[in-house]
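So the structure is just underneath, and the comments pick up after that.
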There are 4 protein chains.
Amino acid sequence: MAILVAAFELVGEVGYAGLTVEGIANRAGCGKQTIYRWWPSKAHVLLEALAVKADLYVTNADHGSYTDDVRAFLGDTFRLSRQQRVVDILRFLMAEAQINEEFGELFRSAFLQRRRDALQVVLDRARTRGDLPPRPAASTILDIVFGTLWYRLLATRQPTGDDLVEDLTATLTQAAQPRADIAIDMGDQQ
Amino acid sequence: MAILVAAFELVGEVGYAGLTVEGIANRAGCGKQTIYRWWPSKAHVLLEALAVKADLYVTNADHGSYTDDVRAFLGDTFRLSRQQRVVDILRFLMAEAQINEEFGELFRSAFLQRRRDALQVVLDRARTRGDLPPRPAASTILDIVFGTLWYRLLATRQPTGDDLVEDLTATLTQAAQPRADIAIDMGDQQ
Amino acid sequence: MAILVAAFELVGEVGYAGLTVEGIANRAGCGKQTIYRWWPSKAHVLLEALAVKADLYVTNADHGSYTDDVRAFLGDTFRLSRQQRVVDILRFLMAEAQINEEFGELFRSAFLQRRRDALQVVLDRARTRGDLPPRPAASTILDIVFGTLWYRLLATRQPTGDDLVEDLTATLTQAAQPRADIAIDMGDQQ
Amino acid sequence: MAILVAAFELVGEVGYAGLTVEGIANRAGCGKQTIYRWWPSKAHVLLEALAVKADLYVTNADHGSYTDDVRAFLGDTFRLSRQQRVVDILRFLMAEAQINEEFGELFRSAFLQRRRDALQVVLDRARTRGDLPPRPAASTILDIVFGTLWYRLLATRQPTGDDLVEDLTATLTQAAQPRADIAIDMGDQQ
DNA sequence: AGCTAAACGAGACGGTACGTCCTGTCTTCGT
DNA sequence: ACGAAGACAGGACGTACCGTCTCGTTTAGCT
């Protein structure tokens, strides 16, 4: 859809504050009414544009162990956050979600919750498999993983590199492996 | 300052989207120019109003051990986040920081970084004392703590209760208990 | 157009200094942008409102002689200037024309010059007919007629009565009738 | 006074619309309050600046005959109107007089009426001397002279040259030459 | 092939807030 | 004590978008 492409491109050029429905319509060569007919706000357009333009797919395939599952999930997730345009849009949508309550609910249920659900599958599998550490609680793990990711996007703007993946994976899985080899692994990891 | 009080009250009544410089001026009984003379945007007003109205003090006093220090810091921090008005303003400021690059830089340096610095003091003391676990890395700890907090504020809107404090404390400090030799290796890694 | 009516009425109530685009918009029940879309300033609105609301028609029909033509033209013109609302607007527009160069050019070409042209027709006809006095020059006649009118509007604020019409008519036409009956006419005239 | 000089210079640089009390204060190196202490508005400042900066003197000395007196008066007056800065300020003041009723009264009584009075002296002398034409009436003569002058300043913006002086002088005095008996009747008429 | 009707581009509209400018008053501070 | 400096409440400016609302004009799909 030309409108989604226009929104996706424009937000990269003028930022979220500079993005207007009028601007999207002009770029897309359509009337404003056509946009309002299908989306209630520019944030909704952007949310759909993100889904169309960006491959947001993150696997939660079984890698045999909880540790490997988590490492793979984090790697996939954090890899996505290296596409600057995508990251910017995610930041803008999270911002809008704070300001516009109606959009916030949509964003949480249609986007954020889906991410949590994907990781939840990994945790459920680990519990079934029996290698889920007793601590932290599953909901805390979800908060830590996505919290750390979002915090880097929103607050520190640091790149989310492989070292963080390893560090997080180790932190979340160490209690399951209270053995001496931890210290040995450490050298390589950093 | 009447302007800060007005902004603080108004944002609670009409939300951030409904907050206008004109509205603040009317409530404060001043002209718009007086606001623009001192702050470049409503977000800047709110940031200062937060500092004036809300007691954002979080201690990082020495409680004798890394575990107790972390528990106390998290308890203080999360307690703050039970003041709904304060939480809302924090959410709005974080949102604005995504949209307005200039404000974003101020918010990160004048607010977010100060919070990190406070926790960093606790970590530094633990390293000196010798009870800092080898993992995760100090910067990762900061990301996890504040990431989890902000994620709950922005994304899940769950209350930040004592159980989460305990769970996080345990996760961040558990590696220190099992075996003392891990700590010995840590010096290189950080 | 509701905007023109609103402007015409408002200027009578609050004067030109008190007239604002915002006020016109409120009275007309429209947005400010709608006014700015069609007129560059409140003066332009008023100029058009004048044309719509006031019947500015002045005849220059042939009355058989230069003297009668001039008397008729002056009578028509001065009669107009007894509508106070119209006079006020004319004064305000002439004032604005001094202050705003761009409006000044419009006012001169679209209003003042048209008045001159109408009288010029009378003079041309007299020249063809052969009863135009040799003096004063045509352009001086125009200056005298409109100068006197405008001076009364702007400076003395005296009513422009029939006596002035007669006096001016006589002054401008006397050279064509260098006869004794002038003295006889004088008595009636004052 | 530095304020008057500043106002006189500034109005030539930025026009009347661009002239502000603040600007005058800055240029004059004084505070705004000092200006408001002595003059109620920028127009009042300008009116006084005009009197100080421009030599507005017009003679009404006795040249022996009504015709010569009128010619001299017109010549003096019109000569003044070749100083562009002075003309501009006169135009602006006349404009302000239309818009600001309070200033209008001052301008009429303190400036316009004084000009009329000066010419009235010439007319009174002519009546005494006996060479005042019966027509037009004295007040009409005043209207014609100043009306024509102001009309050229405000409306046509034509230069006021010597030819106009001659044309006007002739028009206003011609009736006096043809026949002396006209003057005899005049006494009643005025 | 012609007809109907939905969706479209275009853009004017009533409205809100913006950030700037200037007003005329009031306060501070240095000489 | 005076006056420059400038903060202040107030209010209009002209602009930018908002979301709504006609307008004709395509563009189908259905007769």
Side-chain angles (χ1 to χ4, degrees), chain A residues 1-3 14 16-45 100, chain B residues 1-3 6 14 16-42 44-45 100, chain C residues 1-3 6 14 16-45 100, chain D residues 2-3 14 16-45 100:
Chain A
M1 182 72 98
I3 290 171
V14 299
Y16 189 67
L19 185 71
T20 66
V21 173
E22 226 149 11
I24 298 171
N26 286 346
R27 169 72 66 106
C30 73
K32 283 199 295 176
Q33 193 57 246
T34 302
I35 295 177
Y36 282 113
R37 192 158 14 237
W38 298 103
W39 299 275
S41 80
K42 64 177 180 176
H44 292 80
V45 177
N100 179 334
Chain B
M1 183 73 99
I3 290 171
V14 299
Y16 189 67
L19 185 70
T20 66
V21 173
E22 228 148 10
I24 298 172
N26 286 346
R27 168 73 66 106
C30 73
K32 281 199 296 177
Q33 192 61 60
T34 300
I35 295 177
Y36 282 113
R37 194 165 6 242
W38 299 103
W39 300 276
S41 79
K42 63 178 179 176
H44 292 79
V45 177
N100 179 335
Chain C
M1 184 72 99
I3 290 171
V14 298
Y16 189 66
L19 185 69
T20 67
V21 174
E22 227 147 12
I24 298 172
N26 286 346
R27 169 73 66 106
C30 74
K32 280 199 295 177
Q33 192 61 61
T34 301
I35 295 177
Y36 282 113
R37 199 171 354 250
W38 298 104
W39 300 277
S41 78
K42 63 179 181 177
H44 292 78
V45 177
N100 179 335
Chain D
I3 291 171
V14 298
Y16 189 67
L19 185 70
T20 66
V21 174
E22 226 149 12
I24 298 172
N26 286 346
R27 168 73 66 108
C30 72
K32 282 198 299 176
Q33 193 57 245
T34 303
I35 295 177
Y36 281 113
R37 196 163 4 243
W38 299 102
W39 300 276
S41 80
K42 64 178 181 177
H44 292 80
V45 177
N100 179 334

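Numbers restart at 1 for each chain; the letters A, B, ... are given by sequence-line order, proteins then strands.
Taking all atoms of both residues into account, the shortest heavy-atom contact from C:Ala25 to C:Gly31 is CB-C, 4.0 Å. Scanning all heavy atoms of the two residues, the minimum distance from C:Ile35 to C:Val45 falls at CG2-CG2, 4.0 Å. Listed here is the closest heavy atom pair of A:Ala2 and A:Ala28: O-CB, 3.9 Å. Across B:Ala6 and B:Ile24, no two heavy atoms sit closer than the pair CB-O, 3.9 Å.
Summary of the strand contacts: C:Ser41 and A:Lys42 both lie near DNA chain F, and taking for each the nucleotide with the nearest heavy atom, the more 5' one is attributed to C:Ser41.
At whole-Å resolution of the value, OH in A:Tyr36 and P in F:dC21 are 13 Å apart. In this structure, CD1 of B:Ile35 is placed 9 Å from P of F:dA9, rounded to the nearest angstrom. Between A:Asn100 atom CG and F:dC18 atom C1' the separation is 14 Å, expressed in whole Å. Taking atom CD1 of C:Ile3 as the reference point, atom C1' of E:dG15 lies 14 Å away to the nearest angstrom.
The closest side-chain heavy-atom distance from A:Ile3 to A:Trp39 is below 4.5 Å. Counting only heavy atoms from C-beta outward, the side chains of C:Tyr16 and C:Lys42 approach each other to under 4.5 Å.
From one end of the helix from E:dA1-F:dT31 to E:dT31-F:dA1 to the other, with five pairs defining each end axis, the axis direction shifts by 20° (rounded to 10°).
The phosphate of E:dG19 has neither OP1 nor OP2 within less than 4.0 Å of any side-chain N or O from B:Trp39.
We find the NZ-OG1 distance between C:Lys32 and C:Thr20 to be 8.5 Å, quoted to the nearest 0.5 Å.
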Short N/O separations, protein against nucleotides 2-5 of chain F, under 3.5 angstrom:
residue : atom : partner : partner atom : Å
F:dA4   : OP2  : D:Gly31 : N            : 3.3
F:dA4   : OP2  : D:Thr34 : OG1          : 2.8

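Contacts between residues 18-27 of chain C and DNA chain E, defined by a heavy-atom separation under 4.0 Å, are absent.
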